[in-house]
Amino acid sequence: MAEDKDALNKQLLDVIFCMKQEGMVDDHFIYVYSLRENTEDPFFLVALIPEFCSQAREVINQLTHALNNPLLVSCDTMKEYVYKVKGSALSLGASRMAQAFSHFQCAIDNASQEQCIIALNQAKHEFTSLEEKLHVIVQGYNVPEIQKANLCLLM
């Protein structure tokens with residue numbers, strides 16, 4: 001059972017290392033991942049990931065709606081949406097996604113709908129790429145053999 005846990009931990013660390021090598025995440029993500037060892041909840045990250053993805057997806061949908069209806073939504077409102085998801089991305093350590101939203105913020109400051117659309121599409125791409133990798137991490141925590149071991153995953 002310990003060998004399974006060690007193998008799973010190695011696989012998850014390999015995924016995280018690849019994400020870091022790609023610039024998708026930074027050292028803060030590794031810190032957040034390490035919190036599972038310092039909290040009483042080894043599933044801390046697994047609980048955080050779906051919440052992050054859900055909120056980011058919601059904000060991206062709001063931004064898409066705002067760009068499709070520019071007369072109904074102000075630039076200040078769009079900036080608030082961008083700040084929200086950018087802050088969440090930085091809190092998780094999702095550096096490339098945060099950078100994409102920084103570019104979106106600049107496009108809003110330039111008051112260019114064309115730049116905003118390009119920036120939103122880039123932000124969507126970064127979110128989708130990140131979400132796929134985060135899904136791999138969550139699935140790693142859902143291995144039945146590990147769950148049977150009294151939920152002592154990765155401790």
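Any value given below was found using the heavy atoms of this structure, including those in side chains, with hydrogens, waters and symmetry copies removed. Since this is a predicted model, take the numbers as computed values, not measurements.
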Worksheet item: Where do Y33 and L12 land on the side-chain contact (heavy atoms from CB on, under 4.5 Å) test, with the steps shown first?
Response: CA-CA 10 Å; Y33 176 76; L12 292 175; 3.8 Å; yes
Discussion item. Counting C-beta onward and ignoring hydrogens, is there a side-chain heavy-atom pair between K133 and S129 closer than 4.5 Å?
Written reply: no
Response to the item:
Here the pair of heavy atoms bringing A47 nearest to P50 is O-CD, 3.5 Å
Discussion item. Please check this pair: side chain of S95 against backbone of G23, looking for a donor-acceptor N/O pair closer than 3.5 Å.
Written reply: yes
Worksheet entry | H28 side-chain N/O to L92 backbone N/O, donor-acceptor pair under 3.5 Å | no
Worksheet entry | Main-chain N/O of E51 paired to S54 side chain as donor or acceptor, under 3.5 Å | no
Practice prompt. Kindly give the heavy-atom pair with the smallest separation between F104 and A119, and that separation in Å.
Written response: CA-CB, 3.5 Å
Practice prompt. Rounded to the nearest 0.5 Å, what's the gap from CZ on F29 to OG on S91? Could you check?
Written response: 13.0 Å
Worksheet item: Between L67 and Q113, what is the shortest heavy-atom contact and its length?
Response: O-NE2, 3.0 Å
Worksheet item: Under the side-chain contact (heavy atoms from CB on, under 4.5 Å) criterion, do L90 and F101 qualify, and how do the steps go?
Response: CA-CA 10 Å; L90 288 170; F101 278 92; over 6 Å; no
Practice prompt. With rounding to the nearest 0.5 Å, note down the distance linking NZ in K20 to CG in L13.
Written response: 13.0 Å
Discussion item. Within the structure provided, determine whether M78 and Q62 are in side-chain contact (heavy-atom separation under 4.5 Å).
Written reply: no
Discussion item. Quick check for you: to the nearest 0.5 Å, what is the distance between K124 atom NZ and I60 atom CD1?
Written reply: 7.5 Å
Practice prompt. Identify whether I49 and L35 are in the same connected component of the hydrophobic contact network (ILVMFWY, side-chain heavy atoms under 4.5 Å).
Written response: yes
Practice prompt. Could you pull out the closest heavy-atom pair between A98 and K86, with the gap in Å?
Written response: O-CG, 3.9 Å
Worksheet, complete the sentence: What one should report as the nearest heavy-atom pair of A100 and A123 is CB-CA, 3.8 Å
Practice prompt. Verify whether one side chain among S74 and T77 offers a donor that lies under 3.5 Å from an acceptor in the other.
Written response: yes
Worksheet item: Is F127 linked to I118 within one hydrophobic cluster, defined over Ile, Leu, Val, Met, Phe, Trp and Tyr using a side-chain heavy-atom separation of less than 4.5 Å?
Response: no
Worksheet item: Do the side chains of F52 and L134 get nearer than 4.5 Å, heavy atoms only?
Response: yes
Worksheet entry | Residue pair I137, M19: steps toward the side-chain contact (heavy atoms from CB on, under 4.5 Å) verdict | CA-CA 11 Å; I137 292 171; M19 292 169 71; 3.9 Å; yes
Worksheet item: With no hydrogens and no angle check, do the side chains of K79 and Q105 hold a donor and an acceptor under 3.5 Å apart?
Response: no
Practice prompt. Report the distance from atom CD of Q11 to atom CD1 of I16, rounding to the nearest 0.5 Å.
Written response: 12.0 Å
Fill in: Minimum heavy-atom distance between M97 and L130, given as atom pair plus value
SD-CD2, 3.7 Å
Worksheet item: Does F17 share a hydrophobic cluster with I30, counting links as ILVMFWY side-chain heavy atoms below 4.5 Å and allowing steps through other members?
Response: no
Worksheet item: Does S112 reach the main-chain N or O of I108 with its side chain, forming a donor-acceptor pair under 3.5 Å?
Response: no
Discussion item. Between E132 and V136, does the side-chain contact (heavy atoms from CB on, under 4.5 Å) criterion hold? Intermediate values first, please.
Written reply: CA-CA 7 Å; E132 288 171 4; V136 170; over 6 Å; no
Fill in: Between H65 and N69: side-chain donor-acceptor atoms closer than 3.5 Å
yes
Item to complete: Among Q99, H103, R96, find the residue that satisfies the side chain to side chain donor-acceptor pair (under 3.5 Å) test when tested with E126.
Response: R96
Item to complete: Can you measure from NE2 (H125) to OG1 (T128) and round to the nearest 0.5 angstrom?
Response: 8.0 Å
